[in-house]
Amino acid sequence: MSIADHVFIKMCRDILENGTSTEGEKVRPHWPDGTFAYTVKKFGVVNRYDLSKEFPIMTLRRTALKSATDEMLWIWQRKSNNIHDLHSHIWDEWADEDGSIGKAYGYQMGVKHQYKEGSMDQVDRVIYDLKHNPFSRRIMTNLYVHQDLHEMNLYPCAYSMTFNVTQKKDHDRLTLNAVLNQRSQDVLTANNWNVVQYAVLVHMLAQVCEMEAGELVHVIADAHIYDRHIPIIRELIKRPVYDAPTFRLNPEIKDFYEFTRNDVSVENYVTGPQIENIPVAI
């Protein structure tokens, strides 16, 4: 069993057995037919993945590595808020007639801020600090900018990354670790997708900063399973699981801005069947 499968199954069982229901409460999400989308949820879920041991992609069903990477690069590298810069349609529901999702996600990454070292956006600041001041405890990003929330078509879910560098005994290279903070997560549709995205990000930043990838800690304030997803989850976590595949990142890339979705791959990726037509709450 891969570590990602073990973490996912344990989390889902805990939510189903010990979570609380929002049924009957005033909730924002709804199904396309107009009915309220209630959830069973757990507060403060914390999952840990050691990227030095295994790439955390689940085998219960296939996670689309290249598409997940593409969305991450859309935010972190292209710093875009327009769906026409994506190769998938996952953001179509929140885009306006011009394809914009407002001042959200990539827009915030592209805003330049003034530092003692000069003007930089959040991504360039992270890379600068990892290269010049790796043991700083201030290496982080934040997408949840209150002054711009009214101009965002969706408030950021995964909103903050905090990076922390350690020196392992008998290792020549430093180790890059990260905490991903998420205010809310639809466990079925997004959990492993987000984990894979930010695991790839840590690997990419570690490579361009001449470090090793270490731990990814995922903190979810509201981890929930929607009511119409419960039977799907129950079936999913009973499936056979397989060994984690081998993750490959193009070793020739030394500049973060040169990575593409085609620079990532997995070998020997065996999974259960894909789940078709998952209902998505909006």
Participant: I'd like to know if Lys79 and Asp85 make a salt bridge, using a cut-off of under 4.0 Å between side-chain N and carboxylate O.
Facilitator: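 Looking at Asp85 together with Lys79, the answer is no, because their closest N to O distance does not fall below 4.0 Å.
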Participant: Under 3.5 Å, is there a donor-acceptor pair between the side chain of Asn81 and the main chain of Ala104?
Facilitator: no
Participant: For Leu188, is there any backbone N or O sitting under 3.5 Å from a side-chain donor or acceptor partner on Trp193?
Facilitator: no
Participant: Hey, is the main chain of Ala95 close enough, under 3.5 Å, to the side chain of Asn153 for a donor-acceptor pair?
Facilitator: no
Participant: Test your reading of the model: is there a side-chain donor-acceptor pair from Asp70 to the backbone of His87, 3.5 Å cut-off?
Facilitator: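 Side chain of Asp70 to backbone of His87: a pair is present.
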Participant: Tyr49 side chain to His218 main-chain N or O, any donor-acceptor pair under 3.5 Å?
Facilitator: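 A pair under 3.5 Å: no.
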Participant: Going through the checks in order, is the side chain to side chain contact (heavy atoms under 4.5 Å, CB included) test met by Arg239 and Leu236?
Facilitator: CA-CA 6 Å; Arg239 289 183 175 185; Leu236 182 64; 3.8 Å; yes
Participant: Assess whether a salt bridge exists between Asp129 and Arg125, defined as any Lys/Arg side-chain N lying under 4.0 Å from an Asp/Glu carboxylate O.
Facilitator: yes
Participant: Please report the interatomic distance CG(Asp5) to CE(Met58), rounded to the nearest 0.5 Å.
Facilitator: 6.0 Å
Participant: Taking atom types as modelled and ignoring hydrogens, do the side chains of Asn142 and Gln122 form a donor-acceptor contact shorter than 3.5 angstrom?
Facilitator: no
Participant: Considering all heavy atoms of both residues, which atom of Asn82 and which atom of Ser80 are nearest to each other, and what is their separation?
Facilitator: N-OG, 3.0 Å
Participant: Give a yes or no answer on whether the side chain of Thr69 reaches the backbone of Leu65 with a donor-acceptor pair at less than 3.5 Å.
Facilitator: yes
Participant: Step by step, would you call Asn192 with Leu60 a side chain to side chain contact (heavy atoms under 4.5 Å, CB included)?
Facilitator: CA-CA 11 Å; Asn192 196 240; Leu60 293 164; over 6 Å; no
Participant: Within the distance-only criterion (no hydrogens, no angle test), does the side chain of Glu210 pair as donor or acceptor with the backbone N or O of Arg173 below 3.5 angstrom?
Facilitator: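 No.
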Participant: Tell me yes or no: between the side chains of Ser100 and Asp98, is some donor less than 3.5 Å from an acceptor?
Facilitator: no
